[in-house]
Structure formats: C-alpha cells, structure tokens
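Just follow the structure's listing: the first ligand is 1, and inside any ligand the first atom is 1. The model shown is predicted, which means the values in this text are computed figures rather than measured ones. For the numbers below, each heavy atom of this structure counts, side chains included, while hydrogens, waters and symmetry mates do not.
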Amino acid sequence: MSIELGILKDLREYFLSGKPLILIDENREKEGDFVYPAELIDESMVEFFVRYGKGLFCLVAPEGDLLSRGFFKLPTNYGANYFIPIDFGDGTGISAYERAVTCRALANRDKKISEFRYPGHVMLIGSQDFSKRRGHSESSVELMKMCGFKPYSVIVEILNERGDSHDFDYLSKLAEKFELKTMSIKDVWRLYVLSNELIKIKSTAKLPTEYGIFEIVSFDNKLDYKEHFALVKRWQGVPLVRIHSECVTGDCLSSLRCDCGSQLGKALKMIEKDGGVLIYLRQEGRDIGLSAKISAYELQDKGLDTYEANVKLGFKPDQRDYAAASQILKALGIDKVRLLTNNPNKVKALESYGISVVERVSLYGKVTKFNVSYLKTKVEKFGHLIEIEGSKEVNL
Ligand SMILES: Nc1nc2c(ncn2[C@@H]2O[C@H](COP(=O)(O)OP(=O)(O)OP(=O)(O)O)[C@@H](O)[C@H]2O)c(=O)[nH]1
Ligand SMILES: [Mg+2]
Ligand SMILES: [Mg+2]
Ligand SMILES: [Zn+2]
C-alpha cells in the first residue's frame with residue numbers, strides 16, 4: 001500500500017476512535033479548525049468543538065449537493081459561501097445534542113430542506129472545487145471522501161484564551177494536550193493530488209521544429225485548469241524530462257535577463273537526441289504572471305534582486321507548485337525521470353508527488369552580463385546548483 005493510502009487509512013481509524021483533526025490553513029487565513037466527519041458527530045464532540053474551538057460552528061457540504069436538496073445561499077458581498085443555517089427536529093436547536101442530530105441529518109443525502117427548520121443554529125457552508133479554492137471547507141470535505149466518509153464535515157475555528165484565531169503555538173499546545181492529529185491544507189492537497197487522476201491526455205499532434213520532430217500533447221486539466229502542454233520524443237528506459245516554467249520574455253523574446261530561453265533550446269536538443277519529454281508549465285514569472293514579473297523587473301532595475309522583488313510585490317519568492325507536472329507525467333505513463341534542472345526544489349517537489357527522480361541532469365543556460373546577478377541570486381537565495389564561473393556558456 002502506498003504511504004499516502006496508509007496515511008488515509010490511519011486517519012479513518014483516528015476519526016472512528018472519536019477524535020477531531022486540527023486542520024491548519026498556513027497560507028490564506030493562517031487559522032486552525034477542528035474537523036470531524038458529520039456522519040459520526042455526537043453530543044460530546046459538539047460540546048468539545050464549542051468549548052475548545054469557540055469559533056463559528058459550521059457544517060460543510062459540496063455546494064451542488066446543497067443546492068440540489070433545496071438549501072439556498074445567504075447573500076454575500078465578499079464571496080463567502082454560507083447557506084441558510086438549519087435545525088433538524090422541533091427543539092430549540094442549540095443544544096450539543098440537537099446540533100449533532102442536525103449534522104447527522106444533513107449527512108443523510110435523502111433529506112431535503114423541507115425536513116429542516118431555518119434559520120437554525122448550524123451554519124451551512126457550500127464547499128467548492130478544491131482545485132479552485134483551497135480553504136478549510138474544500139479540504140475538509142475532500143479529506144472526508146479520501147478517508148471513506150460521506151462528503152460532509154463539521155468544522156470550527158480554534159480561538160486561544162484571548163479569542164485570537166491566528167495562534168499556531170496555541171494550536172500545537174492544544175494538539176499535545178488532547179493528543180490530536182494536525183495536518184495542513186497543503187498536506188491534504190498533496191494527498192488529493194496523489195489520490196485523484198485530475199489530468200488526462202486530450203490531443204496529440206506531430207510538431208516538426210528546428211530541433212527535430214516531436215509530438216505535442218494537450219491535456220484535460222481539472223487540477224489547475226491551465227493549458228500546460230508537453231513535447232514528447234519516444235524514449236527507452238527512464239526518460240530525460242524537462243519541466244520548464246513559461247517565460248515569455250526568455251522563451252519567445254530571447255531576453256538575456258534570464259537563462260530560460262537558452263535552457264529551453266538546450267533541453268529540446270537533448271530530448272530530441274535522447275528521447276524524453278518537455279513539459280511546458282504555464283507558470284510565467286515563477287507563477288506570479290507576466291505583468292507582475294515586469295513589475296518585479298522594474299524593482300530589480302532599481303536595485304532589488306529577483307527574490308526581494310517578488311516579496312516586495314506581496315508574493316512568495318517562488319509561487320510554483322509541481323502537482324500538475326506530476327500528473328502530466330503519470331498521464332504519459334511516467335513515474336521515474338532523469339530531470340533536466342539546476343533547481344533542487346523541483347526535484348523535491350516532484351518526489352513529494354510520487355515521481356522518482358533517478359538522476360538530476362544540469363541544464364546550464366547562457367550566462368551574460370545581463371543575467372549573471374539573477375543567476376547568482378538563484379544560487380545564493382534559492383539554492384540552485386549552477387557553477388556560474390565554470391559554465392561554458394559564459395559570454396560576459
Ligand atoms: N518573478 C520572477 N520570475 C522570473 C524572473 N526571471 C525569470 N523568472 C521566471 O522563472 C521561471 C524559470 O523557470 P525554469 O527555468 O523552469 O525554472 P528554474 O527555477 O529556473 O529552475 P531550472 O529547472 O534549473 O531552470 C520562469 O517562470 C520565468 O518566467 C524574475 O526576475 N522574477
Ligand atoms: Mg477557515
Ligand atoms: Mg531556469
Ligand atoms: Zn526567464
């Protein structure tokens with residue numbers, strides 16, 4: 001059994017043992033929620049959520065499921081996906097026992113809104129596509145499904161003694177005190193990518209190029225809905241693979257500010273000769289987009305380096321995720337690669353998504369007086385393995 005399936009099996013047993021998970025959103029909200037399967041929740045778990053969570057007690061279901069059963073959205077001016085809060089049964093609705101009954105009733109797919117009272121005391125949230133929104137709602141529902149429960153979760157934000165919901169230290173102390181498991185939404189995303197086939201081959205055509213004749217392949221992509229594509233040359237054994245992030249300035253305009261264009265040409269030559277795959281990821285500007293990259297260049301013209309400029313603009317130094325690349329490789333029937341890169345983070349990222357990198361093959365681009373400081377920053381701040389002085393491609 002893969003490690004991931006083992007994790008999910010353990011998690012199922014953990015929930016069945018009557019313990020909630022602490023799910024941490026480290027990127028967007030920087031908050032932690034208790035999460036528990038709606039079909040299992042009972043009075044004592046609701047009481048625990050209310051006593052130790054203290055945030056908004058919510059029941060999450062896929063948006064389409066709620067709409068199809070007649071539940072309706074509350075108006076919102078900022079995109080929150082709250083639905084009308086509900087009660088099941090004819091009591092006051094607020095007791096721990098009654099809120100547990102309401103959650104379990106909603107988890108019974110046959111029950112329509114007409115069997116509930118509203119507005120009630122259990123806030124309903126519609127979860128959306130996990131590929132489009134990576135919040136507590138989406139990740140908790142997907143986690144329920146991956147653990148073999150129905151797609152209904154109960155969540156509540158965890159507030160510390162002062163009522164602050166952004167206290168990671170408090171979360172780890174609470175986890176220790178009650179021996180609770182914690183996971184990040186990023187962990188859930190990785191399990192989701194490993195458990196679901198989100199990218200499939202769509203079309204394949206012949207593409208004669210100056211470097212030789214390749215097959216160009218497009219994909220149906222339900223992972224991030226971007227138009228990544230691949231160039232393939234039939235290979236023997238473990239394929240030579242280049243995972244190339246889009247760089248319009250380098251790849252199309254032969255910019256000398258970076259080494260992307262020369263890397264692309266070199267990679268195509270090597271793949272044409274050895275056989276293998278070039279995956280072209282639509283991740284312009286280390287995934288900040290072209291116009292933001294030009295703003296980053298503007299800051300670099302004023303003296304910031306490529307790392308500092310991203311951060312100054314409010315981005316991470318490198319926004320990229322390689323989940324799509326891993327699924328494209330699997331769609332092409334590849335799970336072992338010889339990877340053309342100087343970037344150790346790409347190797348680590350691919351391996352975290354289940355691709356084994358049997359060899360890293362350096363791919364030096366041109367070193368020019370226009371890109372030497374950019375390359376030095378990549379070595380010093382991103383850990384890239386480029387021997388600038390040693391590179392044969394130097395024309396300073
Ligand atoms: N934000 C930002 N992105 C840049 C800058 N210069 C180049 N890029 C982007 O960096 C990415 C480089 O992609 P790759 O060459 O595939 O990856 P890498 O990190 O250089 O690692 P290698 O595999 O060793 O080439 C592209 O998306 C470029 O658009 C810059 O100054 N700022
Ligand atoms: Mg949240
Ligand atoms: Mg590069
Ligand atoms: Zn570039």
Side-chain angles (χ1 to χ4, degrees), residues 23-35 53 55-56 58 60 80-81 125 127 133-140 153 155-158 165-166 185 241-253 255-264 266-267 278-301 304-320 322 325 339-347 349-350 357 360-367 370-371 373-375 377-379 381-386:
L23 183 60
I24 298 173
D25 179 343
E26 49 200 11
N27 283 330
R28 199 171 55 92
E29 292 181 322
K30 301 197 182 345
E31 288 181 340
D33 285 18
F34 284 135
V35 170
L56 189 64
C58 293
V60 189
N81 215 19
I125 299 179
S127 66
R133 187 182 186 281
R134 288 190 216 164
H136 283 109
S137 311
E138 288 72 29
S139 46
S140 63
S153 60
I155 65 175
V156 66
E157 296 95 343
I158 301 168
S165 62
H166 309 284
I185 290 180
V241 169
R242 168 66 181 163
I243 296 178
H244 192 86
S245 304
E246 177 179 10
C247 176
V248 167
T249 48
D251 300 342
C252 306
L253 307 175
S255 158
L256 297 174
R257 276 193 85 132
C258 61
D259 59 343
C260 306
S262 49
Q263 281 187 309
L264 180 61
K266 200 166 181 186
L278 178 124
I279 295 176
Y280 198 84
L281 292 178
R282 316 310 297 271
Q283 297 177 324
E284 172 62 69
R286 294 197 300 268
D287 213 14
I288 68 172
L290 180 60
S291 110
K293 183 175 86 171
I294 296 168
S295 307
Y297 277 173
E298 188 177 40
L299 290 170
Q300 292 169 60
D301 290 348
L304 268 62
D305 68 30
T306 183
Y307 184 104
E308 294 158 343
N310 265 34
V311 173
K312 181 94 177 139
L313 292 171
F315 296 107
K316 287 190 248 172
D318 192 337
Q319 299 262 127
R320 290 175 289 178
Y322 295 94
L339 191 65
L340 276 167
T341 186
N342 311 317
N343 180 350
N345 303 321
K346 276 190 190 176
V347 174
L350 272 190
V357 179
R360 182 188 68 80
V361 180
S362 294
L363 182 69
Y364 288 164
K366 273 203 190 76
V367 180
F370 299 104
N371 70 12
S373 66
Y374 161 72
L375 293 174
T377 304
K378 299 229 285 190
V379 171
K381 295 196 174 177
F382 290 93
H384 283 218
L385 306 164
I386 310 172

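Atoms of ligand 1 found under 4.0 Å from any heavy atom of His244 (numbered from 1 in listed order, with element): 16 (O). Close approach of ligand 1 to Gln263 is summarised as follows: ligand atoms under 4.0 Å from at least one heavy atom of the residue are 15 (O), 22 (P), 24 (O), 25 (O). Atom numbering of ligand 1 starts at 1 in the shown order; those under 4.0 Å from a heavy atom of Ile243 are 16 (O). Counting atoms of ligand 1 from 1 in the listed order, those under 4.0 Å from a heavy atom of Tyr297 are 6 (N), 30 (C), 31 (O). Close contacts between ligand 1 and Gln283 involve ligand atoms 27 (O) [criterion: under 4.0 Å to a heavy atom]. Remark: ligand 1 atoms within the under-4.0 Å shell around heavy atoms of Thr306 are 5 (C), 30 (C), 31 (O), 32 (N). Within ligand 1, counting atoms from 1 as listed, the ones closer than 4.0 Å to a heavy atom of Lys378 are 18 (P), 19 (O), 20 (O). Residue His384 has at least one heavy-atom neighbour below 4.0 Å for each of these atoms of ligand 1: 18 (P), 19 (O), 20 (O), 21 (O).
Considering all non-hydrogen atoms of both residues, Gly135 and Ile185 come closest at C-CD1, 3.6 Å. The two residues Leu256 and Phe370 make their nearest non-hydrogen contact at O-CB, 3.3 Å. The shortest heavy-atom contact between Ser127 and Val60 is CB-CG1, 3.7 Å. Phe34 and Gly53 make their closest contact through CE1-N, 3.5 Å (heavy atoms, listed as atom of the first residue, atom of the second, distance).
Nearest protein neighbour of atom 28 (C) of ligand 1, counting heavy atoms only, is Cys247 CB, 3.6 Å. The single protein non-hydrogen atom nearest to atom 24 (O) of ligand 1 is Asn342 N, 2.8 Å, given as residue, atom name and distance. Among protein heavy atoms, atom 1 (N) of ligand 1 sits closest to Asn310 OD1, 2.8 Å. The protein atom (non-hydrogen) at minimum distance from atom 21 (O) of ligand 1 is Asn343 CB, 3.3 Å. Scanning the protein for heavy atoms near atom 27 (O) of ligand 1, the closest one is Glu246 O, 2.9 Å. Distance from atom 19 (O) of ligand 1 to its nearest protein heavy atom, with residue and atom name: Arg320 NH2, 2.7 Å.
Here Arg282 has no heavy atoms under 4.0 Å from ligand 1, in either its backbone or its side chain. Within the 4.0 Å heavy-atom criterion, both parts of Arg286, backbone and side chain, lie near ligand 1. Heavy atoms of Ile288 found under 4.0 angstrom from ligand 1 belong exclusively to the side chain.
Considering both main-chain and side-chain atoms, Gly285 comes within under 3.5 Å of ligand 1 through a nitrogen or oxygen pair. An N or O contact shorter than 3.5 Å links Glu284 to ligand 1 by distance. For ligand 1, one of its N or O atoms has an N or O atom of Thr341 under 3.5 Å away.
For the pair Gln300 (side chain) and Ala309 (backbone), a donor-acceptor distance under 3.5 Å is absent. No side-chain donor-acceptor contact under 3.5 Å links Glu246 to the backbone of Tyr280. Panel note: side chain Lys30, backbone Glu26; a donor-acceptor pair is recorded below 3.5 Å. In this structure a side-chain-to-backbone donor-acceptor pair under 3.5 Å is missing from Asn371 to Val367. Judged purely by atom type and a 3.5 angstrom limit, Lys266 uses its side chain to pair as donor or acceptor with the backbone of Tyr364.
Neighbours of the Mg ion (ligand 2) restricted to protein N, O or S atoms under 2.8 Å: the count is 2.
A distance of 12.5 Å separates NE2 of His244 from CD1 of Ile279, quoted to the nearest 0.5 Å. Between the CG atom in Asp33 and the CD1 atom in Ile158 there is a gap of 6.5 Å [rounded to 0.5 Å]. For the atom pair CD of Glu31 and CD1 of Ile24, the computed distance is 11.5 Å after rounding to the nearest 0.5 Å.
The closest approach between Arg257 and ligand 1 stays at or above 4.0 Å for every heavy atom of the residue. Using a 4.0 Å cutoff on heavy atoms, Tyr374 counts as a contact of ligand 1. Ligand 1 is never approached by Leu363 to a heavy-atom distance shorter than 4.0 Å.
Counting heavy atoms from C-beta on, the side chains of Thr341 and Val347 come closer than 4.5 Å. Annotation: side chain of Lys293 is not in contact with side chain of Phe315 (no heavy-atom distance under 4.5 Å). The shortest distance between side-chain heavy atoms of Asn345 and Arg320 does not fall below 4.5 Å. No side-chain heavy atom of Leu299 sits less than 4.5 Å from a side-chain heavy atom of Glu308. Taking the side chain as every heavy atom from C-beta outward, Asn342 and Gln263 approach each other to under 4.5 Å.
With respect to the salt-bridge test (charged N to carboxylate O, under 4.0 angstrom), the residues Asp318 and Lys346 do not qualify.
The option from Lys346, Arg360, Lys293 that lies nearest to atom 16 (O) of ligand 1, judged by heavy atoms, is Lys346.
The Mg ion (ligand 3) has an N, O or S atom of Gln263 inside 2.8 Å of it.
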